[in-house]
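Below, each value reflects all heavy atoms present in this structure, side chains not excepted, and no hydrogens, waters or symmetry copies. Since the model is a prediction, treat every value here as computed from it, not as a measurement. Starting from 1, each residue takes its place in the sequence as its number. Order of listing sets the numbers, starting from 1, for every ligand and every atom in it.
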Amino acid sequence: MSVVTRIAPSPTGDPHVGTAYIGLFNYVFAKQQGGKFILRIEDTDRERYQAASEARILQMMHWLGLEPDESPIKGGPHGPYRQSERQELYQRHAQALLDSGHLYLAFETPAELEAIREELRRRGHTPGYDGRARTLARAVADRRAAAGEPFVLRLKIPRQGDIIFHDRLRGEIRIPESEVFDAIMIKSDGYPTYHFANVVDDYLMGVTQVIRAEEWISSTPLHVALYDAFGWPRPEFIHLPLLRNPDKSKISKRKLDTSIDSYREQGILPEALLNFLANMGWSMPDGREFFSLSEMIRHFSFERISLGGPVFDLKKLRFFNAKYLRDLLPLEQVAERAKPFLAAAGCHWDDEDYLLDVIDVLRPRVETLSDFVQHAYFFREEFPYDAEARKKLASGQKYLEDLERELSRLDFFDHDAIEEALRDYVQSQAVKMGEVMMPLRAALSGTLTTPSVTDLCVILGKHRVLTRIGRALTELQSALPDDNPRPDEARPPLVAPVSPPKLGGTKGGCR
Ligand code: GLU
């Protein structure tokens, strides 16, 4: 039988990292087995439904490169792929189970249900439903329903002992009969519950492996009872370990940023995210941490999943991302990915080679694509000086004046010539390297966190280097106290003790 896996997200909010995680394992296993991977939207919970969420989930899967073979937009032989459009199928299947005696009508009001739960609690049982409507004669129930009394359809769980099912990762799972109650399959509004729609769809869509998070283990007894009631073969169940917050609780957006859209906006790469997620609970046979999706597909096996709760560590995700930016992606790719971030910040470049040079020196220094924007001084002349840079400028005026002269003398403005000129100058002054380099760095970039000064000089070129030193010196001059300033000409000092004024543009961007 050919393998069919699926994810079945509910469109209730931001595309969640848990969906990406489960999606990855479903995708990888299906591809490895030459099978199909389905994306089905479980939108029967109309109260929590958010219209934009479905499109964002589909976009997320596309961005990650986990393209489903069948989905609401792609279509396929088992559609529709939105549960809200499959109502007729659920009704037909509910009717069949009602006729075979596996479902029954129940009329308890919310107040009665609460009293039942209270009674069960008092007797030390799991609060649920005590099955009292099982004994209601069908003819009576039908009459009450025909008279307009609201009712639900409940599943008659066979009372034959513990519910047992097999999980590929955990072996036999046995749930005591007393913990599984006759749950609602069709609500009083006629809509199916998650359990009913999920099982009917998995069967009709030919799903062979249900790969989902371990939080669904407690629902599986109901699911296997449904498969048995229909007389359908059960799929294989594989419950993956749940991603955890650093405090080991179930991953939650209250404690952690769990939104894939937010990662994307920060400039996390899909390759890095997938690679990071793959390492959550699974490991490569040779222990390698960095690998591509196709390598994972080649080497994947459920045997290498470990059940300890993997901690989702955003710092580690950034570390993975930095590794992709620095080493694993070709330079041209990094530049392509950085472009929209730079463009959105108003940065312009005329020459692709210039952009490649900039990205090349910056990529060992960034963790995300949005970090490139902090180096906007490569793309504009009117950059601001931050507070630390101002201090260095003020203390380095003499060096800047000298260097303006020294550098202007160079005929060849290449790496070796610049390095030699700077080294000679520092030696001639008998000061520490940093005392000269920091003011120069500040003049060239407005900050102190940049690539090497030589790299800055080479990339910017002689003309811009000299212009920038000149600009810094002018700013320094104009910041000197005037003996007799007119009020409208008075300028603040370059190094202000509190809240230094901005000397041009806004900080850290290209606008
Ligand atoms: N709709 C469920 C969810 O939101 C699907 C769970 C399952 O995979 O069975 O995750």
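Remark: aromatic rings of Phe302 and Phe29 are close, center separation under 6.0 Å.
Remark: Arg304 pairs with Trp282, Ser283, Pro285, Ser301 by the side-chain contact (heavy atoms from CB on, under 4.5 Å) rule, at least two apart or across chains. Partners of Ala133 under the side-chain contact (heavy atoms from CB on, under 4.5 Å) rule, at least two apart in sequence or in another chain, are Tyr104, Ala106, Glu108, Tyr129.
Screening Glu118, His125, Glu119 against Arg122 for a side-chain hydrogen bond (donor to acceptor under 3.5 Å, both in side chains) leaves a single residue, Glu119.
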Using residues 327-334 as the side-chain source, report each donor-acceptor pair under 3.5 Å to any protein atom, sequence neighbours left out, with the distance given to one decimal.
residue : atom : partner : partner atom : Å
Asp327  : OD2  : Lys323  : NZ           : 2.9
Gln333  : OE1  : Arg337  : NE           : 3.1
Gln333  : OE1  : Arg337  : NH2          : 2.9

Within the protein, flag every N or O under 3.5 Å from an N or O of ligand 1, and note the pair and distance.
residue  : atom  : partner : partner atom : Å
ligand 1 : 1 (N) : Ala8    : O            : 2.8
ligand 1 : 1 (N) : Ser10   : OG           : 3.1
ligand 1 : 1 (N) : Glu42   : OE1          : 2.6
ligand 1 : 4 (O) : Ser10   : OG           : 3.2
ligand 1 : 8 (O) : Arg6    : NH1          : 2.6
ligand 1 : 9 (O) : Arg6    : NH2          : 3.1
ligand 1 : 9 (O) : Tyr194  : OH           : 2.8
ligand 1 : 9 (O) : Asn198  : ND2          : 3.1
ligand 1 : 9 (O) : Arg212  : NH1          : 2.9

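Between Arg86 and Asp201 there is a salt bridge, with a side-chain nitrogen of the basic residue lying less than 4.0 Å from a carboxylate oxygen of the acidic one.
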